[in-house]
Structures are given as structure tokens and as C-alpha cells.
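Here is the structure we will look at.
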Amino acid sequence: MLETLKKAVKVKEIRKRLWYTLFMLVVVRLGCQIPIPFVNSEQVQQIMSGFKEDFSFFSAITGGSLEKMSIFALNITPYITASIIMQLLTIAIPKLEELQKDGEEGRKKIAEITRYLTVGLALIESTAMIIGFANQGVFTTDSGLAYDATSWRKWGVILTGIIAMTAGSAVLMWIGEQITEKGVGNGISIVLTINIIAGMPSDIAGLFKTYVIGAEQSVGMRLVSTLVILGVLVGIVVLVVILQAATRNIAVQMSQKVQGRRQVGGQQSSIPLKVNTAGVIPIIFASSLMQFPVVILRFFNKQPGWTNYLSQQYWCKPAQLKYSLGFLFYLALIIFFAYFYTSITFNPREVAKNLSDRGGFIPGIRSGKPTVAYLTSILNYIILIGAVGLIIVAVIPILASGLAGANVGFGGTSVIIIVGVILETLQTIKSMITERNYSTVKGIF
């Protein structure tokens, strides 16, 4: 990684892209600190303290901007949701599927639709959130009057908050696209990653404060606690790197063809199938499905007893083991969504068809249905391995919270995102360096 960065900063064009990306990320973090007009930050933090466990992942990916009710409070979550919805609709709607296969123009059209959908979702989410928080009394005017002092003042404050939050999400989407175009690529992912990283120091400091500095124990035990914390953190990172890099390569043989007096083809290749085919999406889907009812009911000041089964703060606690049934359901959801999302993004039938059209085949497997069946069986096997890996990474913070009372806000899910984005960004920078070297050599000759 360091070697790649050293080479990158020596190239003027890539260095400019790096500085541009850094500048945009500074803008993102500054925007996360600017509160929405008329908001009472202390009141928001007091309310959010009751949602801390349920909003832990959402808080991590927004960089803490939700607790501050900043103009970037929604961050890029509407764009992520819109992108997932578009992926699902592309499978369900033939016209969108045709657009996706229609080259660059089709992808631009889908990107445009995604932008409109993002703004629409941001408008809906901001409206619900602003009205929900307004009912909790978090808004005041310059004169100190509550937002509902008069009808016109009430709706003026609400409308201002909705516009500010929706616009903030749209600006972040634009920043992400600009980083992709003028920076080092993967703009949306990089914005998401910098938000997660921004909250990690305070979470790690909190762990050390609770279990090392503030604990009443000997120097030796404090040293052991420090080593355990560092070991777990390093272990999670190593596991995620292995999980993200692991692939199953399926050997492919290309048929030989005669062109004139020459024989072409016959090369050996492979189809790389990632073990973690669905990435972090299964955990996001499972967490959102479990937390959505809890968050909605708490906004209306209701908390029925059955919601404890859905809340992570009650899982894996020896004194309340019955609520761990929700934990088991959560694990089952991760496995289900791993298979579901992979079935949407990877089509063995289409891969087999493309392979046959190019004159390729898997040694020992006939073309057509046997190839589809073989790919499906291999895919089902590695999806299960990837899902188990995701579960191990995801449950470590939950077990730490339930058994030891440790509050780790960033969690294994965030580490998966960070490691994945860093690896992708480094690969993009390597490609830029390679392309630049190739252009230089080509120019010489």
C-alpha cells in the first residue's frame, strides 16, 4: 500500500486527483458539523441517547452527523438505498435490464434515474425525520420560542429543516460523483468510508477508557486488557482482508479456431468467484429489517415488550437469554440475504451463455445446462462460506456488548466496508499508474 502511494504522489496527474479527493473529504466532514437551522443540539443528543444501540450502524455510516442533526444528517444513505432498489428493479423490469446492457448510454440513463430516486427518498426520509424530531421539541426559533408557537412559524421551521436535509444528501451524492470523475474513483464508497473512520477513534478511546484506564485493576491486568482489545481489532481486520480477497477460480478452456493458416484460441483462463459475493449488503439488509420497527415505534414513544427481541442491546446477555432468539433470527437473515442478493447480481445461466458464445467451456463439464448446474452448485457452496464469514465478523461486537458490556460503534460491518474500499481504491490507483506508464512508453515509440 505504501509503495503504491509513493509511486502515485510522484505522478503529477494522480497527485492532483489525490489532493482533490482530500479537499472534497474535508468538505464532507465540515458539512457534518453544521447543524440544521433552529435545531437544539443538546436536546437531539439527549433523545438520540435512547436510540444509541439501535442507531449504532446508521450513526457509524453517517459519521455522527445524525446525532448533531447536521445538514448532512442523512448522508449518502438515500443514494445507497436508491442504488439497491435500482439493482432489484433492473432484474424485475425488462426495459431497465435492456438499458443496463446498452453500453455507456444505458448506464448513464440508469445513473440519472438513480439520482432522481435518491432525491425522492431523501425528501421522504427527511420529512419523516424532521417531523418526528419536531414532535420531540428539538427545534427553537431565534427568539427562543418553540417551533409550534404559531402555525406559520411551525411549518416554516419544518420546511427549512426538510430542505436543508434533502439538499445536504443531494450535495453529498454530487461530491461522491465528482470524486469518482476527478478524484481517485469509488466516490460514494470513499465518502461512506471517511464517515466511518471519523467515528472510530472515539469508539476505540471509549473501550480503553472503560476497560483499561477506568477499570480498577492491577497494571498487569490493564496490560492484558490492552492486548486483548488490540488483538480483537487486528483479528477482525485480518479476517475481513482474507474474506474480501478470497476467490474460487473455475478453470476455463477456450476452443481452438482456424483463421487462415493459423490456429487461434486454446488458451486457459478462469472465472474468479468471490467468496464474499454479496459484500456487506446482507448485514445491512438484516440490520435494517430488524431495527426498522423498533425505531419507528420509539419515535411514537412506544416500546412493546416484543421489540426487545429485535434490539441488539438485549442480545447475548446471560440474564436475558430469551431475547437472543432475535439474535438467531438475525443470523438466519444474513444467510438468506447472502443467497438472495447474489442470485440477483450473479446469473449462472448468463455466464454459461457468454462462455459458450466465446467458444469456451469448463473442462469435464458439457456446455449448456450442465455448466449452469455446475456453476450454481459451486456458487451455493461459496455463498455459505462467505455468509459464515460475514456472521463471524458481524457478531463479534454483539457478543462483546452482550457478554462484556462493551460498546463498539463501528463494528465488524464497518470494518468490511473500510477494508473493501481501501483495497478497491488502491487497485484504482495502480491502474492509473499502469495506464500512465503505458501511455508514456507508447508515446516514446
Side-chain angles (χ1 to χ4, degrees), residues 23-81 118-119 121-176 188 191-203 205-206 295-296 298-299 301 409-410:
F23 172 75
M24 283 299 188
L25 293 181
V26 171
V27 173
V28 170
R29 293 310 305 160
L30 287 176
C32 290
Q33 312 305 317
I34 302 174
I36 291 173
F38 311 116
V39 71
N40 186 329
S41 300
E42 293 181 0
Q43 182 72 11
V44 172
Q45 290 179 3
Q46 183 179 352
I47 294 172
M48 290 301 297
S49 62
F51 292 82
K52 194 168 186 179
E53 292 288 340
D54 301 307
F55 264 130
S56 59
F57 179 67
F58 190 80
S59 175
I61 64 177
T62 59
S65 57
L66 180 62
E67 288 89 336
K68 300 180 179 67
M69 279 295 285
S70 74
I71 57 175
F72 288 169
L74 289 179
N75 227 275
I76 57 171
T77 54
Y79 181 86
I80 295 173
T81 306
T118 299
V119 175
L121 289 174
L123 183 61
I124 294 171
E125 291 178 22
S126 61
T127 301
M129 194 171 290
I130 290 295
I131 293 177
F133 276 109
N135 289 332
Q136 302 291 328
V138 302
F139 292 104
T140 57
T141 64
D142 293 336
S143 59
L145 298 175
Y147 84 102
D148 57 351
T150 59
S151 179
W152 65 268
R153 192 188 301 276
K154 166 184 175 179
W155 292 109
V157 171
I158 288 178
L159 186 61
T160 301
I162 292 172
I163 293 174
M165 196 176 285
T166 303
S169 184
V171 168
L172 277 178
M173 176 180 64
W174 177 82
I175 288 175
I188 297 296
V191 172
L192 179 63
T193 301
I194 197 65
N195 286 330
I196 295 173
I197 292 175
M200 290 181 68
S202 61
D203 289 328
V295 173
I296 293 299
R298 286 197 181 183
F299 265 123
N301 294 322
F410 55 90

Query raised in the report: Do Ser169 and Pro78 have side-chain heavy atoms sitting under 4.5 Å apart?
Result: yes
**Report entry** Euclidean distance, Phe72 CZ relative to Leu172 CG, rounded to 0.5 Å
**Finding:** 4.0 Å
Query raised in the report: Just how far is it from atom CD1 of Ile71 to atom OG of Ser126, taken to the nearest 0.5 Å?
Result: 13.5 Å
Query raised in the report: Step by step, would you call Asn75 with Leu66 a side chain to side chain contact (heavy atoms under 4.5 Å, CB included)?
Result: CA-CA 9 Å; Asn75 227 275; Leu66 180 62; over 6 Å; no
**Report entry** Test item: Thr166 side-chain N/O and Ile163 main-chain N/O as donor-acceptor pair under 3.5 Å
**Finding:** no
Tell me which donor-acceptor pairs under 3.5 Å the side chains of residues 24-34 have, and how far apart each pair is, sequence neighbours excluded?
{"from": "Arg29", "atom 1": "NH1", "to": "Asn195", "atom 2": "OD1", "distance (Å)": "3.0"}
{"from": "Arg29", "atom 1": "NH2", "to": "Gly63", "atom 2": "O", "distance (Å)": "3.2"}
{"from": "Gln33", "atom 1": "NE2", "to": "Arg29", "atom 2": "O", "distance (Å)": "3.3"}

Query raised in the report: Can you tell if the side chain of Ile36 reaches within under 4.5 Å of the side chain of Ile130, non-hydrogen atoms only?
Result: yes
Report summary line: Sorted by chain and number, sequence neighbours left out, side-chain contact (heavy atoms from CB on, under 4.5 Å) with Thr160 holds for Pro37, Phe38
Query raised in the report: CD1/Ile197 to CG/Leu192 distance, rounded to the nearest 0.5 angstrom?
Result: 10.0 Å
Report summary line: Residues Ala73 and Thr62: closest non-hydrogen pair is O-CG2, 3.6 Å
Report task. Enter the distance from Met69:CE to Met165:CE here, rounded to the nearest 0.5 Å. Result -> 4.0 Å
Query raised in the report: Does Ser65 have any side chain to side chain donor-acceptor pair (under 3.5 Å) partners at least two apart in sequence or in another chain, and if so, which?
Result: none
Report task. Hey, could you give me the CG/CE distance between Leu74 and Met173, rounded to the nearest 0.5 Å? Result -> 12.5 Å
Requested in this report: First locate atom OG1 of Thr81, then atom CD1 of Ile76, and finally report the distance between them rounded to the nearest 0.5 Å.
Outcome: 10.0 Å
